[in-house]
Amino acid sequence: MKTKYISTFAAVAVIVFLIAFIACNSGKNKEYTETFFAMDTVMSITAYGPQAEEGINKARQEINRLDQLLSVNNENGITYRINTAGQDAVSVADEPDVKALIEEALTISRLTAGSFDITIGPLVKAWGFTEEEFNVPDDFEIKKLLEKVDFNNIEIGNDSITLKNDSRLDFGAIAKGYAADAAVKALKDAGVKKALVNLGGNIYALGTDEKGEDWIIGIKDPYSEEAILGRISVTDRAVVTSGNYERYFEKDGKRYWHILDPETGYPADSGLVSVTIISDNSTYADAMSTAAFVMGAEKTKEIYELSKDFEYILVTKNGELITSEGVSLK
Ligand code: AMP
Ligand code: MG
């Protein structure tokens, strides 16, 4: 009798344990990860909870939709249409994202006195970064192309965008950040509370990790393939890095990288090799990381002091590490 009691108890305990295990894995703590290719880069999203799979699917749909809209090479997309319209106004009445993104980009262009400029496209192309056919343009060509680079050439109408003076849009420095914000919104709308979104290095840490603790993000050491500078702990924050070690080519022993100074037309050489921006807004963090790389440490600090709506981690050419006051790198 006693033995039977014990075995019944054991069976019940096993069932209870099994139910708890299944509930845990199919419910509250369910983990779901997807890795995919979009916007010319590898992306991955990990989410927890019962809505993890649905949330990731919705986020992925959003990213793909934005990829089509914002790509300069998609002939059926609105960006391509704006870029090939000459001086004509192009209706964006059905494209609220494009208008919103341009408005946000222009705000950052003004804030950074043009260090960030989404009309940099013709120069990025001339240096060969668009098609990966690298080339060092001569001074004359750079001077000619610089005439097209000016964010003031973008005219925003009620429902339209017009590009003056042969300007071209290039969302390369802001699109992934915008897509990360959209992905996070899709995840939240689906009911996801914990997720890590990594769109080719544009990271957004939503909520907490699986254990309910802040997400720990390693910040890459620009001087090493494997090492990190340290770790930061974040929740509901975007962490975005721009560096000259990501995309570059070398010619005659000189290195040329993909972040250009709209003032000179040459790869930005402000003394920084890496910039990480931490902010609750991923679009802002993405644009600001590119802008800070162009501006250098001093101007970045000046802008930081204005609003303190982001934090920064900078690495200089001399290997110096500079962080804003809200950063705790461990
Ligand atoms: P990111 O990796 O976010 O810093 O963005 C770099 C990409 O943005 C480049 O590959 C170019 O397509 C574009 N870009 C380069 N320089 C600038 C700039 N000064 N302002 C805006 N976009 C830029
Ligand atoms: Mg950027």
Side-chain angles (χ1 to χ4, degrees), residues 39-43 67 70-73 79 83 101-102 104-135 137 142 145-146 148-154 167-181 198-204 220 222 238-249 256-270 272-279 281-296 299-300 303 310 312-315:
M39 295 185 164
D40 267 337
T41 191
V42 177
M43 302 187 164
D67 195 1
L70 304 178
S71 159
V72 291
N73 298 321
T79 304
N83 276 347
L101 185 54
I102 292 176
E104 197 141 353
L106 291 184
T107 302
I108 295 157
S109 293
R110 288 185 202 109
L111 182 66
T112 62
S115 292
F116 179 82
D117 194 325
I118 53 167
T119 64
I120 197 86
L123 269 165
V124 177
K125 195 168 183 321
W127 281 94
F129 288 108
T130 317
E131 272 104 27
E132 308 249 311
E133 284 167 16
F134 305 120
N135 165 55
I142 288 182
L145 290 172
L146 274 176
K148 303 178 181 193
V149 178
D150 185 349
F151 63 91
N152 291 306
N153 286 337
I154 306 172
S167 272
R168 298 278 178 275
L169 300 175
D170 175 340
F171 293 118
I174 194 170
K176 280 183 277 171
Y178 190 81
D181 280 331
N198 182 351
L199 310 189
N202 271 250
I203 290 171
Y204 192 100
K220 194 183 174 310
V239 182
V240 182
T241 299
S242 287
N244 66 357
Y245 55 89
E246 296 167 320
R247 283 176 71 204
Y248 63 87
F249 67 95
Y256 301 96
W257 49 87
H258 69 137
I259 302 175
L260 305 177
D261 185 340
E263 188 89 25
T264 64
Y266 282 84
D269 199 5
S270 67
L272 300 178
V273 291
S274 165
V275 174
T276 300
I277 300 289
I278 303 143
S279 161
N281 180 321
S282 174
T283 311
Y284 184 65
D286 192 3
M288 197 52 86
S289 72
T290 310
F293 187 91
V294 176
M295 291 187 295
K299 283 200 186 131
T300 301
I303 290 180
F310 64 94
Y312 58 79
I313 301 168
L314 314 176
V315 182

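Every number for a ligand or one of its atoms is a count from 1 in the order of the listing. Computed from a predicted structure; not experimentally measured.
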Out of all atoms in ligand 1, which are within 4.0 Å of some heavy atom of [X]? Include the element for each.
| X | result |
| --- | --- |
| R247 | 10 (O) |
| P262 | 19 (N) |
| T290 | 1 (P), 3 (O), 4 (O), 5 (O) |
| S115 | 18 (C), 19 (N), 20 (N) |
| I120 | 14 (N), 17 (C), 22 (N), 23 (C) |
| S242 | 1 (P), 3 (O), 4 (O) |
| D286 | 3 (O) |
| V124 | 11 (C), 12 (O) |

Side chain to side chain contact (heavy atoms under 4.5 Å, CB included) between W257 and F249: does it pass, once the steps are laid out? CA-CA 7 Å; W257 49 87; F249 67 95; over 6 Å; no
In terms of the angle between their ring planes, are Y256 and W127 parallel, tilted or perpendicular, with boundaries placed at 30° and 60°? tilted
Heavy atom of the protein closest to [atom] (residue, atom name, distance):
| atom | result |
| --- | --- |
| atom 21 (C) of ligand 1 | D117 O, 3.3 Å |
| atom 15 (C) of ligand 1 | H258 O, 3.2 Å |
| atom 12 (O) of ligand 1 | D170 OD2, 3.2 Å |

Please determine whether side chain to side chain contact (heavy atoms under 4.5 Å, CB included) holds for the pair F293 and L314, giving the CA-CA distance in whole Å, both sets of side-chain angles, and the decisive distance to 0.1 Å. CA-CA 9 Å; F293 187 91; L314 314 176; over 6 Å; no
Report yes or no: is the cationic atom of K220 (NZ for Lys, CZ for Arg) under 6.0 Å from the centre of the six-membered ring of Y245, at an angle within 45° of the ring normal?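 Yes, cation above the ring, under 6.0 Å and within 45°.
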Flag if over 12 foreign heavy atoms under 6.0 Å of CG, N152: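 Yes, the 6.0 Å shell around CG holds more than 12 heavy atoms from other groups.
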Using a distance threshold of 2.8 Å, state whether an N, O or S atom of M288 lies below it from the Mg ion (ligand 2).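 No.
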Out of curiosity, is S289 lining ligand 1, as in a heavy atom under 4.0 Å away? no
Taking distance alone, with no angle check, do F116 and ligand 1 share an N/O pair under 3.5 Å? no
Given that the side chain starts at C-beta and the backbone is N, CA, C, O, which of these parts of D261 lies under 4.0 Å from ligand 1, counting heavy atoms, or is it both or neither?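 No part of D261 is near ligand 1 at this cut-off.
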So what does the T290 OG1 - the Mg ion (ligand 2) - D286 OD1 angle come to, to 10°?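 Output for this angle: 170°, rounded to tens.
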Could you tell me whether the side chain of T119 reaches within less than 4.5 Å of the side chain of I154, counting heavy atoms only? yes
